[in-house]
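The structure under discussion appears below in the form of structure tokens.
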2 protein chains.
Amino acid sequence: MSKPTRAQQRVLDFIQAEVHAGRPIPTLREIAAQFGFRSHRAAACHLEALKRKGLIESEPGKARSLRVISPLAKLRSRILDIPLFGSIPAGFAREREPEAEGCVSVDIESIGFRPTRNTFALRVTGDSMIGRHILDGDVVVLEHGPEPRHGDIVAALIDGESTLKTFLQRSGKPYLKAENPKYPDLMPAQELMIQGVFKALIRRAKE
Amino acid sequence: MSKPTRAQQRVLDFIQAEVHAGRPIPTLREIAAQFGFRSHRAAACHLEALKRKGLIESEPGKARSLRVISPLAKLRSRILDIPLFGSIPAGFAREREPEAEGCVSVDIESIGFRPTRNTFALRVTGDSMIGRHILDGDVVVLEHGPEPRHGDIVAALIDGESTLKTFLQRSGKPYLKAENPKYPDLMPAQELMIQGVFKALIRRAKE
DNA sequence: TACATTACTATCCAAATGGATAGTCTATTT
DNA sequence: AAATAGACTATCCATTTGGATAGTAATGTA
């Protein structure tokens, strides 16, 4: 697996840029046009070289069947899009996608579980969970549905706002606890809407 | 944007499965073959319906130019593959990719910065940074190269192991500090190899 | 200098491909 | 009973596309 020449690298970069931009994989003629080649053969030569060097592969005869072989792509597991909400409405409707404010995309491996349709993300505001090492600005990934167990971190709807709390059971009764001495300690989880159980977290460094 | 019929949904699922499997987008005839249609027109009809319903789009006349429009895909920003190391060798060679143990894939938005070739990830072992809310098992994303500033979290190579420390400057001299009373407090950062500055973190819930 | 590699131009061809026309069959709705 | 929409067959055609052949020019490099 040797290195591509400069010209070959430019072709490779172009292909990757097109894929990243969501466009279909370029054809020989599209590549030729991009670089001003008057013959698509020139592009074909570069692709042949890239194939010899193990950087791309394609299925012979098939249109737009190029595939860029990145060393990391082999290791990469499936990527998932998780909707990110500012706060979740009470009903947690099935038709949640249109309301999403953003999107968190992570691979399964990093996030450690297989998201379902009931997986969503929230941006944490406030430091009520600092005792469990969740900070203001963190994005938490939650799963709606499963019954929380003692000690799980959950998102609950309190006064129309989603807030994170620790879910506890004391002699059979469920309670919610904030992990910060500044906040009221326990509150009954009876009428409260449990929206999801903590599954994963993404934090970015403060700039 | 109405809903697809059952047959249309099956076609849509097939297309997504193919893309997901890393294969090129299927052609009309490939779709027809998959479902046993004797005419590729049948597949074309389904695709037309899916287009009307706003679920896919394509560039007319172009081979394999289908694109599945997911509501979340619109919100999704560019995804990046960051190599994940167990521990980093001292030299931090340019040719780091073959040595990667895994791969963290996240979108730019979630991670909050634009990774470069010098971006990499490490799995944290130990609780030396618990005071900065970084736990055992967390994956940290770091950037190699930039001069750390006072208070930055950095990965440093100590005794052949990468460990996280807080970077401090006391009267001009750089020091490293563990954020856990169990660990020795300060050590001079003179001969130590600073491998990267903390940029982001991914944590998965303990099962 | 001779030779190999890279980087192209110019054409040609057959297969792959999207798209169009015309029609059948079958549920479901009106 | 009539109308409508979905699902499909059978063909035809113009482009698009990958691949092949043949050749030119520049740049190393042994």
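Numbers restart at 1 for each chain; the letters A, B, ... are given by sequence-line order, proteins then strands.
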Does Phe35(B) have its ring centroid less than 6.0 Å away from the ring centroid of Phe14(B)? yes

Which of dG19(C), dC13(C), dA10(D) is nearest the side chain of Arg29(A)? It is dC13(C)

If you look at every strand shown and take non-hydrogen atoms under 4.0 Å, does Arg64(B) touch a base, only sugar-phosphate, or nothing? sugar-phosphate

Among Leu164(B), Val140(B), Leu142(B), which one satisfies side chain to side chain contact (heavy atoms under 4.5 Å, CB included) with Ile153(B)? Leu164(B)

Near DNA chain C, which residues from residues 9-18 of chain B have a heavy atom under 4.0 Å away? none

Between Arg204(A) (side chain) and Glu109(B) (backbone), is there a donor-acceptor pair under 3.5 Å? yes

In the 5'-to-3' direction, what one-character label does each nucleotide of nucleotides 25-30 of chain C receive under the scheme B = base within less than 4.0 Å of a protein heavy atom, S = sugar-phosphate only, - = no such atom? ------

When you measure from the side chain of Ala7(B), which nucleotide among dG19(D), dC8(D), dT9(D) comes out closest? dC8(D)

Please tell me which of the listed nucleotides, dT9(C), dG18(D), dG6(D), lies nearest to the side chain of Leu28(A)? dG18(D)

Measure from the ring center of Phe37(A) to the ring center of His46(A) and say whether it is less than 6.0 Å. yes

Below the 4.0 Å mark, does dA7(D) have OP1 or OP2 next to a side-chain nitrogen or oxygen of Thr5(B)? yes

Of the options dT9(D), dT17(D), dC12(D), whose atoms approach the side-chain atoms of Phe37(B) most closely? dT9(D)

Lys62(A) has its side chain closest, among dT9(C), dT17(C), dG19(D), to dT17(C)

Return the residues of residues 39-47 of chain A meeting this criterion: a heavy atom under 4.0 Å from some atom of DNA chain D. Order them by number, or give none. His40(A), Arg41(A)

